[in-house]
Amino acid sequence: MNAPEATAPLLAVRDLCIFFSTGVQEIQATQNIEFSVQPGERVGIVGESGCGKTVTGLSLLGLLPRHTSRITGEALFAGENLVGMPARRMREIRGRRISMIFQEPMSALDPVFTIGAQIGETIRTHFNVGKREARERAIESLASVGIPSPARVHDSYPHQLSGGMRQRAMIAIALVCEPQLLIADEPTTALDVTIQAQIIDLLLNLSVKTGTALLFITHDLGVIAETCTRMITMYAGQVVEDAPVDVALVKPLHPYTSGLLRSLPRLSVPGATLQSIPGRVPSLQAMPTGCRFAARCTHRRDECDQPQVLEDGEPGHRVRCMRHAELTLPGALTDLEAVA
């Protein structure tokens, strides 16, 4: 019997580099980003602020300023390259086949239009429907994300809703056209713990129910453990580790991933010292030529001053560290495993 053919990835990002012009010089924000997302897969991207997670997500949808940014490489979505795609074609894909939930709904939602008007605009942009049908679909979308009294919320303005309701409205806008890929950029930022849990459960259930692939950008490793099947760690504009989430949390191969896991509080050990990673992410204007994490790494050796490449560590596990085979790094905490 022949082995089944591997499913082609829904999204395949290869050698993605993002540059920004300051007017004086051009600064590189990301370097050779490489990852893929299979149909229906839930992939988490983690890392500190300033590591390039959000700009990577924005670049996929052509949302970076055209006059001050430049993108090279390729991002193949269902066989089409999103990089350099004509604006008209991108508008056909954006919102319809790929959607994005932004970090702050109060900033992303237009304050002068009702929630229904903003959802309806998305529907009528991609489907040939009238106002009445667009309204019905919008109300159904609001109901599908667990909003009570969806007709009332449909006619409300963003400032009339709570933070959790605004975030649900953002999710409704993103999902109303039933996209194949949903990019969720810190969708639980500034929400209380109870609402965070509801939003996470909502996204997970919708992904499972509709088969929508999820690219989850977050700082919260607990969210990744609960929601995703694969974890990508980014540092200083590079992918430094890419592995199944269970493997990455238990047996990380990169010191940075291990450092992120160790920095989580140990609730089961009273009085335990909270671990931290010394130093900070290097400036875009002064990136090291070798390992970008070397200055903060306790495992640094002279060979770390050489450029590191993303290579296979174990099957399905890639890492950007030439010392990964000789290091044994601590992984997830007991509390984090309990959350998963």
Checking E186 against H219: is there a side-chain donor and acceptor pair closer than 3.5 Å? yes
Non-hydrogen side-chain atoms of Q118 and P158 separated by less than 4.5 Å: yes
Kindly indicate whether the side chain of Q306, heavy atoms from C-beta on, has any atom under 4.5 Å from the side chain of M322. yes
Start with the C-alpha gap between L181 and R97, add the side-chain angles, then the distance that decides, and say whether side chain to side chain contact (heavy atoms under 4.5 Å, CB included) holds. CA-CA 6 Å; L181 173 64; R97 300 178 65 192; over 6 Å; no
Is there a side-chain contact between T72 and V83 in this structure, where contact means two heavy atoms from C-beta onward sitting under 4.5 Å apart? no
Give the intermediate values and the outcome of salt bridge (Lys or Arg N to Asp or Glu O under 4.0 Å) for residues R296 and E48. CA-CA 13 Å; R296 307 173 68 185; E48 295 168 273; 2.9 Å; yes
Just do the salt bridge (Lys or Arg N to Asp or Glu O under 4.0 Å) check on R318 and D242 with the steps written out, would you? CA-CA 5 Å; R318 298 185 301 161; D242 183 348; 3.1 Å; yes
Test item: side-chain donor near acceptor, T212 and S207, under 3.5 Å: no
Within a 6.0 Å radius of atom CZ on R89, are there more than 12 heavy atoms belonging to other residues, nucleotides or ligands? yes
Cation over ring, R14 on F35, under 6.0 Å and within 45°? no
Go through L215 and L182 one step at a time and tell me if the side chain to side chain contact (heavy atoms under 4.5 Å, CB included) criterion holds. CA-CA 6 Å; L215 189 61; L182 176 64; over 6 Å; no
Between E133 and R137, does any NZ, NE, NH1 or NH2 come within less than 4.0 Å of an OD or OE carboxylate oxygen? yes
Mark yes or no for whether S69, through its side chain, and F19, through its backbone, hold a donor-acceptor pair below 3.5 Å. no
Spell out, as yes or no, whether a donor-acceptor pair under 3.5 Å connects the side chain of R94 to the backbone of L61. yes
Quick one: are I98 and P179 in side-chain contact, heavy atoms under 4.5 Å? no
Cationic N near anionic O, under 4.0 Å, D246 to K251: no
With a sphere of 6.0 Å drawn around CZ of F127, does it hold more than 12 non-hydrogen atoms of other residues, nucleotides or ligands? yes
Count I, L, V, M, F, W, Y as connected when their side-chain heavy atoms are under 4.5 Å apart, and connections chain through other members. Are I217 and L204 then in the same cluster? no
Between R96 (side chain) and H126 (backbone), is there a donor-acceptor pair under 3.5 Å? no
Judged by modelled atom types alone, do Q308 and R320 share a side-chain donor-acceptor pair under 3.5 Å? no
Any chance the side chains of R230 and Q38 put a donor and an acceptor closer than 3.5 Å? no
Verdict with reasoning, K53 to D185, per salt bridge (Lys or Arg N to Asp or Glu O under 4.0 Å): CA-CA 9 Å; K53 306 184 302 298; D185 186 10; over 6 Å; no
Contact between S59 and L16 at the side-chain level, heavy atoms closer than 4.5 Å - yes or no? yes
So F293 and H254, would you call those rings parallel, tilted or perpendicular, with 30° and 60° as cut-offs? tilted
Please confirm whether the backbone N or O of V46 pairs with a side-chain atom of T233, one donor and one acceptor, at under 3.5 Å? no
Flag, side chain of T227 to backbone of I224, donor-acceptor distance under 3.5 Å: no
Any donor and acceptor pair, going by atom type alone, linking the side chain of S141 with main-chain N or O of A172 inside 3.5 Å? yes
Taking S162 for the side chain and M165 for the main chain, is one N or O donor matched with an acceptor at less than 3.5 Å? yes
May I ask whether I171 and I147 are part of the same hydrophobic cluster, defined by side-chain heavy atoms of I, L, V, M, F, W, Y residues being less than 4.5 angstrom apart, directly or through others? yes
Evaluate the ring planes of Y157 and H159, with Trp represented by its six-membered ring, and classify them as parallel (under 30°), tilted (30 to 60°) or perpendicular (over 60°). parallel
Please examine the side chains of E178 and T210, heavy atoms only from C-beta on, and report whether any two atoms are closer than 4.5 Å. no
Donor-acceptor pair, distance only, cut-off 3.5 Å: does the side chain of Q28 make one with the backbone of C17? no
Following the transitive rule for hydrophobic clusters with a side-chain heavy-atom cut-off under 4.5 Å over Ile, Leu, Val, Met, Phe, Trp and Tyr, establish whether F20 and I71 coincide in one cluster. yes
Please check this pair: side chain of T218 against backbone of D220, looking for a donor-acceptor N/O pair closer than 3.5 Å. yes
With hydrophobic residues grouped by side-chain heavy-atom distances under 4.5 Å, do L175 and V43 end up in a single group? yes
With a 4.5 Å cut-off on side-chain heavy atoms, are V319 and L310 touching? no
Considering residues, nucleotides and ligands other than E34, do more than 12 of their heavy atoms fall under 6.0 Å from its CD? yes
Do S36 and V13 come close enough that some side-chain heavy atom pair is under 4.5 Å? no
Any side-chain donor paired with an acceptor under 3.5 Å for T54 and Q103? yes
Any sub-3.5 Å donor-acceptor pair from E241's side-chain atoms to L253's backbone N or O? yes
